[in-house]
Amino acid sequence: MKQISRRGVLLGATAMATLAACKQSPMAQADVTPVSETAPAAASSAWMDGTAMAAAIASGQTTSLEQVNAAIARAQSVNGKINAIASQIYDTARAEAGKTPAGPFQGVPTFIKDLHDWKGAPTMYGSRAFKGHIAEKDSPLPAKWRAEGVVVLGKSTSPEMGLMASTEPLVTGETRNPWDTTRIVGGSSGGAAALVAARVVPFAHASDGGGSIRIPASTCGVFGLKPSRGQLPAQGESSAPLEISVQHAVTISVRDSINLFRDTQMNDGTFAPLAANLQPLKRRLKIGFTTDAPAGTPVAPETKAALDDVAALCGKLGHEIVAYKPTYSGQEFVDKFLLYWAAGAAEFAQQASAYTGKPVGPDIVEPWTLGLTQMFMSRKDEMEETVKWLKGFEAVYNADLADQGIDLLLTPTTGSPAVRLGEQAPTVAFDTLYERVITFAAFTAPMNVSGAASMSVPLSWSPAGLPIGSMFSGKSGDDQLLFELALELEAARPWADKLPGVVAI
């Protein structure tokens, strides 16, 4: 089967003409291994990050099979409460434990996001249309993870094709936040962030096309860095005029994110390799700060208060905090970005039709996906100008920082802490959901279009106990600078010992 593309791939004329009636033969369906909800004995060991776990396995203090079995036990103990696993391959994981490649994370258990392929495991793309599809090969970044020696336990949940900022797909049901199970986990790497927050695994694979690493990192209280475009392998061959999606991970420790990044970096000459032994940042930065959303959408008072506190923390650490206001129109950006986003939804709808042999409709794709598809079809004549505008955005974004002498930006990651389940479900009326999405996911997309490095750092919790991420963003290539700052912030305000109400240790 042809690799399903991530978002942002524009439809060709033939695809647009056949959107309503694609009749290609579907590939043979294979059974998806159902997720067991039977809780076994409790997990046997205290939590370790992936770096420590790999070292303990390598030294013989523990074995991969012991760690895999413990992670499976943790998964089974909490997944009934958070529903973060799209499918499991536990028997395969047990068989592979101790036999994976001798990479830096040999033997460490993890999950791959359901939008991306792991050979022999189901990939549903968060969609009913692809239920039963088994991957024939690894996607490019998961292939790098295989070489690192990880043991994959299964696939983490995602909204349909990652098109939403909440993980409530119809195919697997709503994924619930470990901090408050009445709240969303964010999206689209929602299952990954929930599993890491609940300490089921030390890190999990994630991807980000409009905030999909950083948004769930914020809502679940974990660390998530979106790499610069081109730093790590993306989905593979793409006909997209502008690639907005990247892949990496969500983690608890900054060092896990650093080590995963270093070991999967492209090193094709575009960027300098990540330094071998990163330390907390020594030089002081000029940080541009705002809590105002670029498009003027409302920002929750508790989010503003949390970010004011983080700005004060950065000031106490010696960084210079200055007011920042973008020169570009936030409303124009949102309109053009979401039209481009809708083109990706339309392509996915066509692929779902081709796979199932059914016309595009509500029985194969969700109402939100259909609404985006219809939005694209009604405005496809605007695409050439939209692509041109978005391609020019990186220069505008970079000039904003350079003209103000700013090293990094500090903003909220989301417009509020996690909202209640159902408020951003894919079945909400399209116009209502559109407004809710752009209000919640208000800050992250400019870094996808510009290709910039950006991260959500778990430095704050609301009075109600919900995580609030602080987003630091630079320019393309600023990944190492962000990691160094993250190490400094992690030392100044540690978060690893803050545990949610639903936790597997």
Side-chain angles (χ1 to χ4, degrees), residues 1-35 86-87 89 112-140 142 154-164 167-173 187-188 191 207 209 212 234-240 245 247 341-377 426-427:
M1 176 181 175
K2 179 184 176 183
Q3 187 82 265
I4 295 292
S5 56
R6 193 67 165 90
R7 342 180 157 76
V9 180
L10 296 183
L11 291 167
T14 302
M16 288 190 290
T18 58
L19 249 178
C22 294
K23 295 294 184 182
Q24 298 175 27
S25 298
M27 121 183 232
Q29 303 264 317
D31 292 334
V32 177
T33 306
V35 177
S87 59
I89 51 171
I112 300 295
K113 185 176 177 179
D114 189 40
L115 297 190
H116 304 279
D117 287 345
W118 185 260
K119 184 179 179 180
T123 305
M124 294 185 289
Y125 308 100
S127 176
R128 296 163 296 164
F130 291 93
K131 195 171 182 178
H133 167 54
I134 302 296
E136 298 174 346
K137 62 179 182 179
D138 297 335
S139 293
K155 307 299 282 294
S156 62
T157 54
S158 167
E160 185 165 74
M161 200 48 196
L163 292 169
M164 298 191 64
T167 303
E168 304 177 61
L170 299 182
V171 67
T172 54
S188 62
S207 58
S212 292
Q235 184 63 15
E237 293 184 10
S238 172
S239 58
S245 186
Q247 296 179 52
W341 193 262
E347 165 125 357
F348 176 74
Q350 184 266 332
Q351 291 165 329
S353 177
Y355 182 74
T356 61
K358 298 178 180 179
V360 172
D363 58 332
I364 61 167
V365 292
E366 296 175 350
W368 173 247
T369 305
L370 283 175
L372 289 171
T373 298
Q374 291 160 4
M375 173 181 165
F376 166 71
M377 296 298 288
T427 51

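No hydrogens, no waters, no symmetry mates; every other heavy atom, side chains included, goes into these values.
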* Among Thr123, Ile134, Ile89, side chain to side chain contact (heavy atoms under 4.5 Å, CB included) partner for Trp118 -> Ile89

* What closest approach, in Å, do Ala234 and Ser245 show between heavy atoms, and which atom pair accounts for it? -> CB-O, 4.2 Å

* **CA sep, side-chain torsions, deciding dist, call: Ser188, Lys113, side chain to side chain donor-acceptor pair (under 3.5 Å)** => CA-CA 9 Å; Ser188 62; Lys113 185 176 177 179; 2.6 Å; yes

* To do: Please name the pair of heavy atoms, one in Met124 and one in Asp114, separated by the smallest distance, quoted to 0.1 Å.
  => N-OD1, 3.0 Å

* Non-neighbouring partners of Pro169 that pass side chain to side chain contact (heavy atoms under 4.5 Å, CB included), sequence neighbours left out -> Thr167, Val171, Thr172, Glu366

* Asked: Is the backbone N or O of Ala352 less than 3.5 Å from a side-chain atom of Thr356, with the two atoms forming a donor-acceptor pair by type?
  -> yes

* **Euclidean distance, Lys131 NZ relative to Ser87 OG, rounded to 0.5 Å** => 11.0 Å

* **CA sep, side-chain torsions, deciding dist, call: Lys358, Asp363, side chain to side chain contact (heavy atoms under 4.5 Å, CB included)** => CA-CA 9 Å; Lys358 298 178 180 179; Asp363 58 332; 3.8 Å; yes

* Asked: So which heavy atom on Ile364 is nearest to which on Ser127, and how close?
  -> O-OG, 3.6 Å

* Structure fact -> Between Thr157 and Ala86, the two heavy atoms sitting closest are CG2-N, 3.6 Å

* To do: Determine the minimum heavy-atom distance between Pro159 and Leu115, stating which atoms define it.
  => O-CD2, 4.1 Å

* To do: Flag the pair Glu160 / Pro426 as yes when at least one side-chain heavy-atom distance between them is below 4.5 Å, and no otherwise.
  => no

* Asked: According to the interplanar angle, ranging from 0 to 90°, do the rings of Tyr355 and His133 count as parallel (below 30°), tilted (30 to 60°) or perpendicular (above 60°)?
  -> perpendicular

* Just jot down the side chain to side chain donor-acceptor pair (under 3.5 Å) partners of Ser156, sequence neighbours excluded, or say none. => none

* **Separation of Met375 CE from Trp341 CH2 (nearest 0.5 Å)** => 12.0 Å

* Can you check whether Val365's main-chain N or O pairs, donor with acceptor, with Arg128's side chain at less than 3.5 Å? -> yes

* Report yes or no: does Trp368 contribute a side-chain atom to a donor-acceptor pair with the main-chain N or O of Leu163 at less than 3.5 Å? => yes

* Asked: Where do Asp138 and Ile112 land on the side chain to side chain contact (heavy atoms under 4.5 Å, CB included) test, with the steps shown first?
  -> CA-CA 10 Å; Asp138 297 335; Ile112 300 295; over 6 Å; no

* Beyond-backbone contact of Gln247 with His116, side-chain heavy atoms, under 4.5 angstrom -> yes

* Structure fact -> Of all heavy-atom pairs linking Phe348 and Thr369, the shortest is CD2-CG2, 4.3 Å

